[in-house]
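Report on the following structure.
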Number of protein chains: 2
Amino acid sequence: MTIYDIAREAGVSASTVSRVINKRPGISESTRKKVQKILDEYHYIPDVAARGLVTQASRFIGILIEDIRVSHHTESAYVIEQEMTRQGYTCITFSTGGDSKKKAQYIQILEQRRVEGAIFIGSMFEIEEVKESVKQHLSNIPIVVMNGDLDLPNTYSVQTDEERGIEEAVALLAQKGRKNLAYLMDVANPANKRKQRGFTTGMLRLGMEGAERMIFAEVDGTAGPRSSVERGRMETVELLKKMPAVDGILCETDMLAVGCMKELKRQGIRIPEQTAIIGVDNTLYGQVCSPTLTTIDNKSGDMSLAAANTLMDVLQGRPVNHRMILPAEVIRREST
Amino acid sequence: MTIYDIAREAGVSASTVSRVINKRPGISESTRKKVQKILDEYHYIPDVAARGLVTQASRFIGILIEDIRVSHHTESAYVIEQEMTRQGYTCITFSTGGDSKKKAQYIQILEQRRVEGAIFIGSMFEIEEVKESVKQHLSNIPIVVMNGDLDLPNTYSVQTDEERGIEEAVALLAQKGRKNLAYLMDVANPANKRKQRGFTTGMLRLGMEGAERMIFAEVDGTAGPRSSVERGRMETVELLKKMPAVDGILCETDMLAVGCMKELKRQGIRIPEQTAIIGVDNTLYGQVCSPTLTTIDNKSGDMSLAAANTLMDVLQGRPVNHRMILPAEVIRREST
DNA sequence: CTGTTAGCGCTTTCAT
DNA sequence: ATGAAAGCGCTAACAG
């Protein structure tokens, strides 16, 4: 079914049909009715790709995520997709994985599809290869980076102040009388570097010595949820050997914290009496485990909405800041 | 940058450039090199929509999910997207929500985008409105329904035998000496109806009387992960009132089971000594909670792969069965 | 108010 | 081996 088939059937020209479809003014009510009837009869739906070819608008938005299975990424993808769909755009979403070459490949796919804008979810996109690829392939469409920054004329950054959130968490631990704090790290990426800095400054600010020494182990690789739990467990084994007096542990992610708690419980260490635990992300896992987990909520829902809105603003020519920072919030539960 | 710009720059015709891009034979090595050089220089990427217009192939696959935030749906979307991307297709994924009218709307969007195939994830698509909409808008492309069936000439069904899995779970409970079994239900949908039937037959087969009476409460609405946990908790409150002697509870989903366990623990009921619990879905939540949850693995990863493969098979003209059923597996953990 | 024409970026005969 | 021309389904001037 093409517009010509409809036109022939209705005894009018293709442009008239087009006008009816697009609700353009300047058409007699009678022809409109006549054409609409045929349209309905055949359940005609226009080919938006063909339309896009002439209007030069794909109505596509590209979304790149490192791994959609990570729960706060899922949440982000969901919020953005809902919002964009509501605005008449269609989202093309890819889980790129950790590999930077692959990220560049996906950027090419976005160009192939002529997306009108893009959102990159996660600080792992804050790397040189991506920046270069964006310059080459997506330099004239707006791109919003969540929890990261690419610092290009066409990129916008929406972040949560996790660094500050971690500082507050350190303060909370200190206030609870904890003296021997450790920081458990997950995968190395820019956002996590910022969190780590938050721990260091938080410690220094409270006059706690040897912050460096207390930072634990850095691991490379991909941050799958299942692997993070296991890593948390293993890091805790090591931690307890090196620092038996530890009484407060700050974990870079909830999943890490969940693994950490598993091991502490296995060794008969009571939470929070002997050791307090704090995670990051405010996932459902932190509510499901027991004791329930104190966590730093990085407001991924708010951030996602802000990202979607920012993109729409740029797309519709409204003025927008290139950087936007939302506050994080410490959510207190049983583990502290 | 269009193919004509490249052609002019290289001093050849557009068709020659097209031939180089598509690696067609019958072109001299020298022109190929010359053209390729310009192509690389300008980082040229073809517009697949324009290509699709002439080749009549969008290379799009549509994916409809009720809610991508439900963890086994996320997993499915991930597996399918990876597989399809590997095959050169691009996925357009939508979270449709529970509303059946909305589902029909999304089907229209898939037609607008001229997807070449589609996968519907979840039994909630097994409804008349969807079937009608598919007949009207997607009657000539292959559609794979996961965990459900639409029973149309162009639809294919891939399912896990959860019914049988539940039967086995009932047998496990009986074998552990449990006499007073209850079945906690989540949201009403076709897949859950099948599970419920599994419980009933499982009970009857073991000669356990009054199966009906033991089936608990049916709730309508959307099955968000957070709401399911809360519902599990509340249903358990009711259950313990009506059936204080309950010593084995089968929950329709892990999330429900997690909520159920939360309440049992709150009331000081020991798991599994006093009451054994079994969930469905084999989510990470079941590994994170304590005690860890015995669950029925519905193999969503396998099912997703099977769905993706089935779709590819049809797309490439290989013979395919219209129905495919995979076995479920009971995973034993601490809660039994 | 409606039809004719051209063209979006690409591929594909058909000539040469 | 290469180019010219037509056309995919649609919209957008421009006429009338």
Side-chain angles (χ1 to χ4, degrees), chain A residues 1-36 38-39 42-60 88 90 108-116 137 140, chain B residues 1-36 38-39 42-60 88 90 108-116 137 140:
Chain A
M1 264 298 141
T2 79
I3 214 172
Y4 277 93
D5 298 324
I6 300 291
R8 187 172 351 93
E9 203 74 18
V12 297
S13 77
S15 25
T16 300
V17 177
S18 173
R19 284 181 189 109
V20 173
I21 292 169
N22 297 292
K23 305 191 198 312
R24 295 254 186 289
I27 253 202
S28 79
E29 198 48 38
S30 63
T31 15
R32 179 182 303 282
K33 277 233 171 61
K34 181 174 61 183
V35 173
Q36 191 59 55
I38 309 289
L39 248 21
Y42 287 94
H43 304 297
Y44 172 84
I45 304 276
D47 181 330
V48 292
R51 170 186 296 162
L53 200 56
V54 26
T55 60
Q56 298 285 32
S58 67
R59 303 247 97 192
F60 274 128
T90 297
Q108 294 205 16
I109 301 187
L110 295 189
E111 195 197 358
Q112 286 194 151
R113 296 295 184 174
R114 298 297 188 264
V115 297
E116 294 180 35
H137 297 289
N140 39 26
Chain B
M1 263 300 140
T2 78
I3 213 172
Y4 276 92
D5 299 324
I6 300 291
R8 187 169 355 89
E9 202 75 19
V12 296
S13 78
S15 20
T16 300
V17 177
S18 173
R19 285 182 188 108
V20 173
I21 291 169
N22 296 294
K23 305 192 199 310
R24 294 255 185 286
I27 248 197
S28 80
E29 198 48 37
S30 62
T31 17
R32 178 182 303 282
K33 277 230 171 62
K34 182 174 61 183
V35 172
Q36 190 60 55
I38 309 289
L39 247 20
Y42 287 93
H43 304 296
Y44 172 84
I45 303 275
D47 182 330
V48 292
R51 171 185 294 162
L53 199 56
V54 25
T55 60
Q56 296 286 30
S58 67
R59 303 246 95 192
F60 274 128
T90 297
Q108 293 204 17
I109 302 188
L110 295 188
E111 195 197 358
Q112 284 195 153
R113 296 295 183 175
R114 298 297 189 262
V115 297
E116 294 181 34
H137 298 288
N140 39 27

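Per chain, numbering begins at 1; letters A, B, ... match sequence-line order.
- Contact between the side-chain N/O atoms of Thr55(B) and the OP1/OP2 oxygens of dC8(D) is not found at any separation under 4.0 Å.
- Per the geometry, CG belonging to Leu53(B) stands 13 Å off C1' belonging to dA6(D), to the nearest Å.
- With sequence neighbours left out, the side-chain hydrogen bond (donor to acceptor under 3.5 Å, both in side chains) criterion links Ser13(B) to Ser15(B), Thr16(B).
- Put simply, CD1 on Ile3(A) is 13 Å from C1' on dG3(C), counting in whole angstrom units.
- When rounded to the nearest whole Å, the span between CE of Met1(A) and P of dC10(D) equals 11 Å.
- One atom, CZ of Arg51(A), and another, P of dA12(D), lie 9 Å apart when rounded to the nearest Å.
- Atom CD of residue Glu116(A) and atom OG1 of residue Thr90(A) lie 10.0 Å apart, to the nearest 0.5 angstrom.
- Heavy-atom nearest nucleotides on DNA chain D were determined for Arg32(B) and for Arg114(B), and the one closer to the 5' end corresponds to Arg32(B).
- Residue Thr2(B) has its side chain nearest to dC10(C) when only dC10(D), dT2(D), dC10(C) are considered.
- Regarding Lys34(B), its NZ atom lies at a distance of 13 Å from the C1' atom of dG3(D), rounded to whole Å.
- Positionally, the nearest nucleotide of DNA chain C for Ser30(A) lies more toward the 5' end than for the other of Ser30(A) and Ile45(B).
- To the nearest angstrom, P of dC10(C) lies 6 Å from CG of Asp47(B).
- Per the geometry, CD1 belonging to Ile6(B) stands 18 Å off C1' belonging to dG3(D), to the nearest Å.
- Scanning both residues, Ala14(A) and Ala7(A), for their nearest heavy atoms gives N-CB, 3.7 Å.
- Scanning both residues, His43(B) and Glu111(A), for their nearest heavy atoms gives O-OE1, 4.3 Å.
- Contacts between residues 14-28 of chain B and DNA chain D, counted as heavy-atom distances below 4.0 Å, involve Ser15(B), Thr16(B), Arg19(B), Gly26(B), Ile27(B), Ser28(B).
- Judged purely by atom type and a 3.5 angstrom limit, Asn22(A) has no side-chain atom pairing as donor or acceptor with the backbone of Arg24(A).
- Look at CZ on Arg59(A): it is 15 Å from C1' on dT11(D), rounded to the nearest Å.
- Across all non-hydrogen atoms, the minimal contact from Arg114(A) to Ser58(A) is O-OG, 2.6 Å.
- Of the inter-residue distances, the one linking Asp47(B) atom CG with Met1(B) atom CE reads 14.0 Å to the nearest 0.5 angstrom.
- The phosphate of dG9(D) (OP1 or OP2) has a side-chain N or O of Gln56(B) nearer than 4.0 angstrom.
- Within the 4.0 angstrom heavy-atom criterion, no nucleotide atom of any strand lies near Val48(A).
- Closest heavy-atom contact between Arg59(B) and Arg113(A): O-NH2, 3.0 Å.
- Paired regions of DNA chain C, where each region holds three or more successive Watson-Crick or G-U pairs whose two hydrogen-bonding distances fall under 3.5 Å, are C:1-16 with D:1-16.
- Closest non-hydrogen pair, Thr2(B) versus Tyr44(B), comes out as C-CE1, 3.9 Å.
- Taken to the nearest 0.5 Å, the CD atom of Gln112(A) stands 7.5 Å off from the CD atom of Gln108(A).
- Distances shown here put a side-chain N or O of Ser13(A) below 4.0 Å from the OP1 or OP2 atom of dG3(C).
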